[in-house]
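Naming convention: chains lettered A, B, ... in sequence-line order (proteins, then strands); numbering from 1 in each chain.
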Amino acid sequence: MEKTAIDINKPRGLHQYQWEIFLVVLFLAVNVVNSFLSPYYLTLDTFVSTPMNFLDKAFLVLPMTMIIILGNIDVSVGSIVALTSVLMAVSYNAGLPMPLAMVLALLVSTTCGFINGFLQIKFKELSATIITLSTMTVFRGIAYVILEDRSAGKFPSWFSFLAWGYLGKIPFILIVFVLAAIVFAVILHTTRFGRMIYAVGSNRTACEYSGIRTDRIILGVSMLAGLMAGFTSLFLTSRMGSTRPNVALNYELDAIAMTVLGGISTNGGKGRITGPLISIFLIGFLNYGLGLRNVSAQVLLIILGFLLVLSVLVQNFTDRPRQKSPQKSSAPTRRSDAGDGSDIHENSAQGG
Amino acid sequence: MQSQVKMNADGSTGGANLRPQNLEGPPDSRSSGLIRKISRNSETFRELGLLIFIVALAAIFQIRNPKFLSIANIKDLLANTAILSILAVGMMMVIITRGIDLSIGSTMALSGMITSLTVSAHPGISPFLSLAQGMAIGLAAGLVIGVLVAYFKILPIIATLGLMNILRGMTYLISKGKWVSAYQMSAGFKNLSTGTTLGINNLIIFAVVIYILYTYFINQTKTGRYIYAVGSSPETAELIGIKRQRIILLVYALMGLLAGLAGVLWVSKFASAQGDTAVGYEMNVIAATVLGGVSVAGGRGKVSGILLGSILFGILANALPLINISPFWQQFIQGLVILAAIISNVLLQRRNDKLALKKRAI
């Protein structure tokens with residue numbers, strides 16, 4: 001089951017950043033095409049204000065990066081956003097002051113994340129996939145129980161500042177997102193906690209044997225995911241001005257697709273946060289450009305689906321993930337592995 | 001070594017005799033009879049529990065609404081459960097191989113949409129041709145997923161999440177956002193699900209036939225047992241010469257085939273094909289399957305279990321409106337039921353393993 005080597009420290013020069021470079025090239029291509037579609041496109045204003053359309057869900061990508069590096073998947077984040085948004089609106093309409101309702105929202109979302117993490121560490125036999133699938137249904141179900149088919153809203157006017165406001169010439173949400181991204185980058189790439197995320201993602205059993213408290217790592221990352229889902233819900237609700245139980249449908253797909261397109265391997269233990277950060281803007285601007293051409297939302301669904309599958313496919317080919325094979329000697333490994341010579345490659349790399 | 005022992009303790013695969021109930025303990029152990037008894041008890045315990053729960057639920061519903069156990073409602077209930085139970089068959093195989101398929105709701109929508117569009121364009125077409133068409137569409141979708149998962153090593157959840165959106169988007173594109181309504185469908189097509197044969201609803205007959213075939217396939221054929229072997233211990237399965245990738249491809253292809261079939265039945269039953277047909281239905285199917293004791297850790301699950309799980313789920317869906325519980329509670333209840341099911345599966349398994357270890361120590 002376990003992978004044999006950790007190669008996150010292997011220096012590989014510029015070669016190391018080829019995926020990011022590829023994404024930047026794609027991003028530039030998208031913008032060139034967009035600028036042909038609209039004469040007003042290539043202005044600084046458009047560039048700075050377009051992110052307001054998609055940055056709300058970008059907050060989900062930051063913790064999703066950690067979750068996928070851990071080797072897990074979280075499909076419940078969209079439902080956490082919906083539940084949080086509904087609870088915030090309902091508690092505000094019931095008389096709670098708006099700032100308190102916002103704090104409540106963040107508390108609730110973090111609690112949801114805690115529940116996800118708690119179930120994962122208490123029932124290690126279950127994959128994160130199945131746990132978050134069921135909590136996804138539960139969380140969205142609670143949102144439906146609370147609000148049924150109504151919508152709630154009538155927020156104070158200042159609340160719309162979150163999504164629509166500017167500080168100087170820069171959108172408020174962009175500033176918050178950049179700050180959040182910096183915090184996540186620092187956590188993931190410079191702290192002990194961040195290094196342990198990679199370690200647990202590479203080989204959880206070995207981590208447990210060497211005394212790393214893997215439970216704490218998983219719980220912490222899950223709670224971060226919940227907290228960020230709370231941020232998404234604040235900005236999303238502010239952008240729409242009202243909420244319903246079916247908001248943020250398929251947000252988990254967006255977040256997973258952006259993360260995976262950003263070069264985070266679903267095998268766990270690998271990847272940098274820079275990739276997902278670029279792919280957020282890549283997909284965001286791509287959507288915006290398709291919107292300029294009046295391409296329907298359904299085509300976007302198809303494109304997103306393709307991007308998700310294709311990027312994993314490309315990664316599986318370039319990364320050559322280590323085979324999950326229990327044998328130590330190379331002969332049976334070669335036999336058991338149909339066609340993809342990654343084990344042989346791995347073994348010779350270790351030997352030499 | 002460890003995985004081989006586990007495989008035998010699972011009671012899910014083995015060498016000469018491929019029936020699960022005969023393979024519980026290691027053959028050399030003196031206490032193999034005891035282990036077998038305990039793990040058999042545990043399986044029976046789970047299913048007995050499910051059965052008691054179903055009976056209790058039915059009793060409560062009957063007290064709240066005397067119409068619940070009327071012949072008409074029971075027929076209704078079984079007909080409504082048929083599609084779910086057909087899909088549970090495919091999902092059971094997928095989950096046994098440690099996979100998951102989130103795309104089946106979209107596959108159903110696509111197959112239903114294309115077949116009903118064909119029927120509205122050519123009303124004279126035979127209903128069985130429609131069925132074949134739907135199954136072919138589902139099979140194609142399933143093969144794509146199977147190839148992605150088995151040969152390109154994409155995680156099942158990623159591959160099916162991607163396909164879920166691609167297929168749903170295709171459904172909207174093909175229908176151009178329009179519905180196909182009852183008056184556009186031929187009587188023969190609608191008869192597929194609503195008609196009766198020998199006084200029994202066709203849907204129930206479809207389900208019964210599929211269950212008979214499936215029971216034989218999963219319990220008696222080599223390929224069927226290989227599915228358990230691959231899910232129980234992929235590495236060991238490969239070492240004993242099972243073509244793991246082919247089995248996984250087969251499993252997703254069959255799931256697609258059944259989803260295609262279910263899509264046609266669904267559209268014929270509700271006499272309407274829409275872009276959002278069966279949105280989120282995969283969760284019902286997964287819930288019914290894990291409720292029936294199919295372990296998401298792979299390698300474990302029984303036909304009788306998923307049948308009971310489907311019926312329990314059908315009862316919940318059928319009875320909640322009858323006893324005036326708002327439909328908005330359904331998703332919440334469904335989620336709790338899945339959560340309770342997977343957790344109780346784990347707890348039962350832990351107890352089982354512990355007892356097995358204890359017996360071995362003597």
Hey, what do you get for CD1 (A:Ile302) to CD1 (B:Ile166), rounding to the nearest 0.5 Å? 7.5 Å
Between B:Ile286 and A:Leu133, is the side chain to side chain contact (heavy atoms under 4.5 Å, CB included) condition met? List the steps. CA-CA 10 Å; B:Ile286 293 170; A:Leu133 263 177; 4.2 Å; yes
Checking heavy atoms, do the side chain of A:Ile142, its backbone, both or neither come under 4.5 Å from chain B? both
In terms of heavy-atom proximity below 4.5 Å to chain B, should A:Ile73 be classed as side chain, backbone, both, or neither? side chain
Residue among A:Leu308, A:Ile256, A:Val299, A:Thr135 with most heavy-atom pairs under 4.5 Å to chain B: A:Leu308
Nearest heavy-atom contact between A:Val145 and B:Phe328 is CG2-O, 3.7 Å
With a 4.5 Å cut-off on heavy-atom pairs, point out which of A:Asp149, A:Leu147, A:Leu304 contacts chain B the most. A:Asp149
Which one of A:Thr266, A:Leu253, A:Thr129, A:Ile303 has the most heavy-atom pairs closer than 4.5 Å to chain B? A:Leu253
Under a 4.5 Å cutoff for heavy-atom pairs, which residue among B:Val337, B:Ile343, B:Leu336 has the most contacts with chain A? B:Ile343
B:Ile333, part contacting chain A, at a heavy-atom distance under 4.5 Å: neither
Using a cut-off of under 4.5 Å on heavy-atom pairs, state which of A:Thr137, A:Ile146, A:Ile131 scores highest against chain B. A:Thr137
Using every non-hydrogen atom in the two residues, find where A:Val312 and B:Ile158 come nearest and quote the distance to one decimal. CG2-CG2, 3.6 Å
With a 4.5 angstrom heavy-atom cut-off, is it the side chain or the backbone of B:Leu148 that approaches chain A, or both, or neither? side chain
For chain A, which candidate among B:Ile338, B:Ile100, B:Leu339 shows the most heavy-atom pairs at distances under 4.5 Å? B:Leu339
So, the part of B:Leu167 with a heavy atom under 4.5 Å from chain A: the answer is neither
For the interface with chain A, which of B:Pro156, B:Gly162, B:Ala287, B:Ala341 has the highest count of heavy-atom pairs at distances below 4.5 Å? B:Gly162
With a 4.5 angstrom heavy-atom cut-off, could you sort out which part of B:Ile95 is near chain A: side chain, backbone, both or neither? neither
What part of B:Leu173 gets within 4.5 angstrom of chain A, counting heavy atoms only: side chain, backbone, both, or neither? side chain
Heavy-atom cut-off 4.5 Å, strictly under: side chain, backbone, both or neither for B:Met170 against chain A? both
Within 6.0 Å of OH in B:Tyr151, more than 12 heavy atoms from elsewhere: yes
Can you tell me how far apart CE (A:Met136) and CD (B:Gln331) are? Round to the nearest 0.5 Å. 8.0 Å
Flag yes if more than 12 heavy atoms outside A:Lys124 fall under 6.0 Å of its NZ atom; otherwise flag no. yes
Do B:Arg350 and A:Phe123 make a side-chain contact, defined as non-hydrogen atoms from C-beta onward lying under 4.5 Å apart? yes
Please report the interatomic distance OG(A:Ser134) to CD(B:Gln334), rounded to the nearest 0.5 Å. 10.5 Å
Drop me the distance from A:Ser127's OG to B:Arg98's CZ, to the nearest 0.5 angstrom. 10.5 Å
Contacting region of A:Leu119 [heavy-atom separation from chain B under 4.5 Å]: side chain
Pick one of side chain, backbone, both or neither for A:Asn250, based on which atoms fall under 4.5 Å of a heavy atom in chain B. side chain
Would you name the heavy atoms of B:Ile157 and A:Val75 that are closest together and state the gap between them? CD1-CG1, 3.8 Å
